[in-house]
Colleague: 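Just passing along the structure, written as structure tokens.
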There are 2 protein chains.
Amino acid sequence: MVQQGGRDASVVDVAAAAGVSLGTVSNVLNRPDRVSPATRAKVQAAMQELGFVRNESARQLRAGHSRVIGYVMLDVSNPFFTDVAGGIDRATADSDLSLFLCTSDNDPRREAAYLRNLQQQRVQGILLTPVDASSSLLDEIARHTPLVIVDRTRDDDSFCSAAADDVAGGRLAVEHLVERGHTRIAFVGGPSSIGQVRDRHQGAREAFRDAGLPDDGLVAITTPGLTFADGREAGERLAGLSERRRPTAAFCANDLVALGLLQHMTEIGRRVPEDLAIVGFDDIDFAAAAAVPLTSVRQPRGSLGRAAAELLLDEATNPAHRHQQITFTPDLVARRSTQN
Amino acid sequence: MVQQGGRDASVVDVAAAAGVSLGTVSNVLNRPDRVSPATRAKVQAAMQELGFVRNESARQLRAGHSRVIGYVMLDVSNPFFTDVAGGIDRATADSDLSLFLCTSDNDPRREAAYLRNLQQQRVQGILLTPVDASSSLLDEIARHTPLVIVDRTRDDDSFCSAAADDVAGGRLAVEHLVERGHTRIAFVGGPSSIGQVRDRHQGAREAFRDAGLPDDGLVAITTPGLTFADGREAGERLAGLSERRRPTAAFCANDLVALGLLQHMTEIGRRVPEDLAIVGFDDIDFAAAAAVPLTSVRQPRGSLGRAAAELLLDEATNPAHRHQQITFTPDLVARRSTQN
DNA sequence: GCTCGTAAGTGAAACCTTTCAATACGTCAG
DNA sequence: CTGACGTATTGAAAGGTTTCACTTACGAGC
């Protein structure tokens, strides 16, 4: 911080140094074509000299809004979400908006803090993968700030959203396992406060019933979160079950959990898929590269982000905007973890 | 956006609605204890009624700075960086600062845009994993905004930084391979504009020479980036070499590249480590879960983020702050990808 | 009854930028 | 030579919050 003593230089200081009015300085900044080349050069020299840095707060205050959009995601360390973020990023690249990423880490309080913070910053809009899509906080935020829900939906159509059909995805996974002859299947994931988890479980249940199998054949192994470590820990619990009750296949609520489970199984000498077939969800890049390449329900991650960003941009700029719910249909990528 | 017609409610509107002065409203917001309970309740009711949302821009304008810190990272989709971000996050959790994440995607222009944007927002400080640590832009930014370099260093001590010793890491990797009898080793990574790549390569070269091996035994396979896909593509190039010239081991500049390479090898029927031993860098969680568990140079990812954040906090708040360069020493985690 | 102290509340000024109506100054057509 | 027009520049107002020196009200102490 070289700027010892006095505060940073402002347009007023620049104007004084260049011997012009502050209106002219502003013109150099915002409409350089309206300023004669000579004056422009003089002003730019003064800016350089004083180390002038535009004050975005003042600019925003005047403009009424900032040139930022925020994406509040559930978990930065899940590659699924960073791939979604990549899609958002590409969609916003040629607007002059900056994208700020925030991670709620599945904590509703942190999510709320970020949402309020972004709203108070008067961001152009917010993309959100909510911990709980039904929270009334979302309505409250959306009263003032365009808000698009990513990778989730709400029953009503009060929001734009871009999401994959998680129930359908859950069905796909279990149908695949049932086709391969499994009749005792574990659903591994949690907590059930996460909508994705509920829907995927729901789909699993539906497919299980439709196959005419008894309800108690689908065992829920509830985890505290959806991380790698949670998957490993679920593996311990699965391994601890008596052989009679032990499932022959596991459908995991996401790939991280599936990979953790897979790793634990390998470590304790169980074979995948012979001893336990595994299906994941999301089809992150690492799924295909796993110890046993992982069968997974693929979501179009980038497209999902892109679609969400486009909805947000429309909502933020188009007065005739109407809310829209875009649903992507997932598909199943079969790999070795289920091919016995 | 319920707020049809008029602009958002401001403190003035709240004051009018509650029948108090705007100073009192501000007191309710910032020093509630100085306001009588009755008045406080009245004001809060008015805020509720009008849907008042504090305007952070105006607040910042007054305060001179925001309550945000930014981390500009090289690549969100690399789990190494999100793990670092996790460490930063934990370190800042109990300050009242919010952390905004930005991804430069290895593009100096995007990096510059984010840096300037954060600076113009008058953020409290910036954490940066730079594309090019020697860029003079960093000096320019640091003239006004506290800036800490993460996972990189500069020769001079003009910045705080927290980094692992990449040269040492590179040495570790190659020493490990040499110990296992390899004398033709590929260094896979790029572009060399990335400092990490240069340093790791440098370390590899040093270890190779120290082992008394001829320089041309260390083959550089330069990739355009450090992604999964770059690793696969490098695999094709490696496989295309004549048997005589083909290395028996590869040291990859990061785990993503290593995993891509590993996947390609497996696909074309080459065995790891028998046909090609592989060492990665970073030891991300997925390294241990890979098709062939990956030997990797471990960096303390979380600690690195935490240390960087603490340096930044100190620089931002402590007038007696002195720049400090913290270096972590990496270690090698040997797994199956090098055990033949 | 008067002064003093404290607590509660007030309101103007400051923060910095952008906008826009107004001004100044040439130039050109008539 | 005048009037009209266009270009370059000006300066004041607005935007919402916080701060701080100030006023008011009220009860305690003498």
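No experiment lies behind these values; they were computed from the predicted model shown. First the proteins, then the strands, lettered A, B, ... as listed; each starts at 1.
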Colleague: Expressed in angstrom and rounded to an integer, what is the separation of L61(A) atom CG from dT17(C) atom P?
Modeller: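 Spelled out: CG on L61(A) to P on dT17(C) is 12 Å.
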Colleague: Looking at dT18(D), dA14(D), dG11(C), which one has an atom nearest to any side-chain atom of R62(B)?
Modeller: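 Ranking dT18(D), dA14(D), dG11(C) by closest atom to the R62(B) side chain puts dT18(D) first.
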Colleague: Looking at the side chain of N55(A), which of dT9(D), dC16(C), dT17(D) is the nearest nucleotide?
Modeller: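 So the side chain of N55(A) is nearest to dC16(C).
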Colleague: Measure NE2/H65(A) against C1'/dT18(C) and give the value in whole Å, please.
Modeller: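 Value for this atom pair: 12 Å.
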Colleague: Go through the steps to decide whether Y71(B) and D89(B) satisfy the test side chain to side chain contact (heavy atoms under 4.5 Å, CB included), and finish with yes or no.
Modeller: CA-CA 10 Å; Y71(B) 175 32; D89(B) 202 52; over 6 Å; no
Colleague: In this structure, how many angstroms lie between the P atom of dC20(C) and the CZ atom of R34(A), rounded?
Modeller: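 Atom CZ in R34(A) sits about 9 Å away from atom P in dC20(C).
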Colleague: Using a heavy-atom cut-off of under 4.0 Å over every strand shown, decide if V25(B) touches base, sugar-phosphate, or nothing.
Modeller: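 No contact.
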Colleague: Counting side-chain heavy atoms from CB outward, which of dT10(D), dT17(C), dG11(C) is closest to T24(A)?
Modeller: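 So the side chain of T24(A) is nearest to dT10(D).
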Colleague: What heavy-atom pair brings P146(B) and A316(B) nearest, and what distance separates the two atoms?
Modeller: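 P146(B) and A316(B) have their closest heavy atoms at CG-CA, 4.1 Å.
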Colleague: Name the nucleic acid region contacted by N27(A), choosing base, sugar-phosphate or nothing; use a 4.0 angstrom heavy-atom cut-off, strictly under.
Modeller: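 Counting heavy atoms under 4.0 Å across all strands, the contact made by N27(A) includes a base.
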Colleague: Expressed as a whole number of angstroms, how long is the span from R59(B):CZ to dG16(D):P?
Modeller: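 Roughly 16 Å, once rounded to whole Å.
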Colleague: Within this structure, what is the CZ-to-P distance between R31(A) and dT18(C), rounded to whole angstrom?
Modeller: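 So the two atoms are 9 Å apart, to the nearest Å.
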Colleague: Atom CZ of R122(B) and atom P of dT17(C): how far apart are they, to the nearest Å?
Modeller: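 One finds 7 Å between P of dT17(C) and CZ of R122(B), rounded.
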Colleague: To the nearest 0.5 angstrom, please state how far the CZ atom of R116(B) sits from the CD1 atom of I141(B).
Modeller: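 Answer for the CZ-CD1 pair, R116(B) versus I141(B), is 6.0 Å.
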Colleague: Want to settle it: does A58(B) or S36(B) sit nearer the 5' end of DNA chain C, counting the closest nucleotide to each?
Modeller: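 Result: S36(B).
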Colleague: Under 4.0 Å between a side-chain N/O of S10(A) and OP1 or OP2 of dC16(C), yes or no?
Modeller: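 The answer is no; no side-chain N or O of S10(A) sits under 4.0 Å from OP1 or OP2.
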Colleague: Rounded to whole Å, how long is the line connecting atom CD of Q60(A) with atom C1' of dC15(C)?
Modeller: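 To the nearest whole Å, that distance equals 14 Å.
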Colleague: Atom CD of Q120(B) to atom P of dT18(C): distance rounded to whole Å?
Modeller: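 Roughly 10 Å, once rounded to whole Å.
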Colleague: Going by heavy atoms in the side chains, are T129(B) and I149(B) under 4.5 Å from each other?
Modeller: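 T129(B) vs I149(B): side chains apart.
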Colleague: V11(B) side chain: which of dT18(C), dT9(D), dT17(D) is closest?
Modeller: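 Minimum distance to the V11(B) side chain belongs to dT17(D).
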Colleague: Using a cut-off of strictly less than 4.0 Å, decide whether R40(A) has a side-chain nitrogen or oxygen near OP1 or OP2 of dA8(D).
Modeller: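 Checking R40(A) against dA8(D): no side-chain N or O falls below 4.0 Å of OP1 or OP2.
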Colleague: Do F100(A) and Y114(B) have side-chain heavy atoms sitting under 4.5 Å apart?
Modeller: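 Contact flag for F100(A)/Y114(B) side chains = yes.
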Colleague: Which nucleotide in the list dA8(D), dT19(D), dT10(C) gets nearest to the side chain of T39(A)?
Modeller: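 Between dA8(D), dT19(D), dT10(C), the one nearest the side chain of T39(A) would be dA8(D).
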Colleague: Quick check for you: among dT10(D), dT17(C), dT17(D), whose closest atom lies nearest to any side-chain atom of L22(A)?
Modeller: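 Nearest nucleotide to the side chain: dT17(C).
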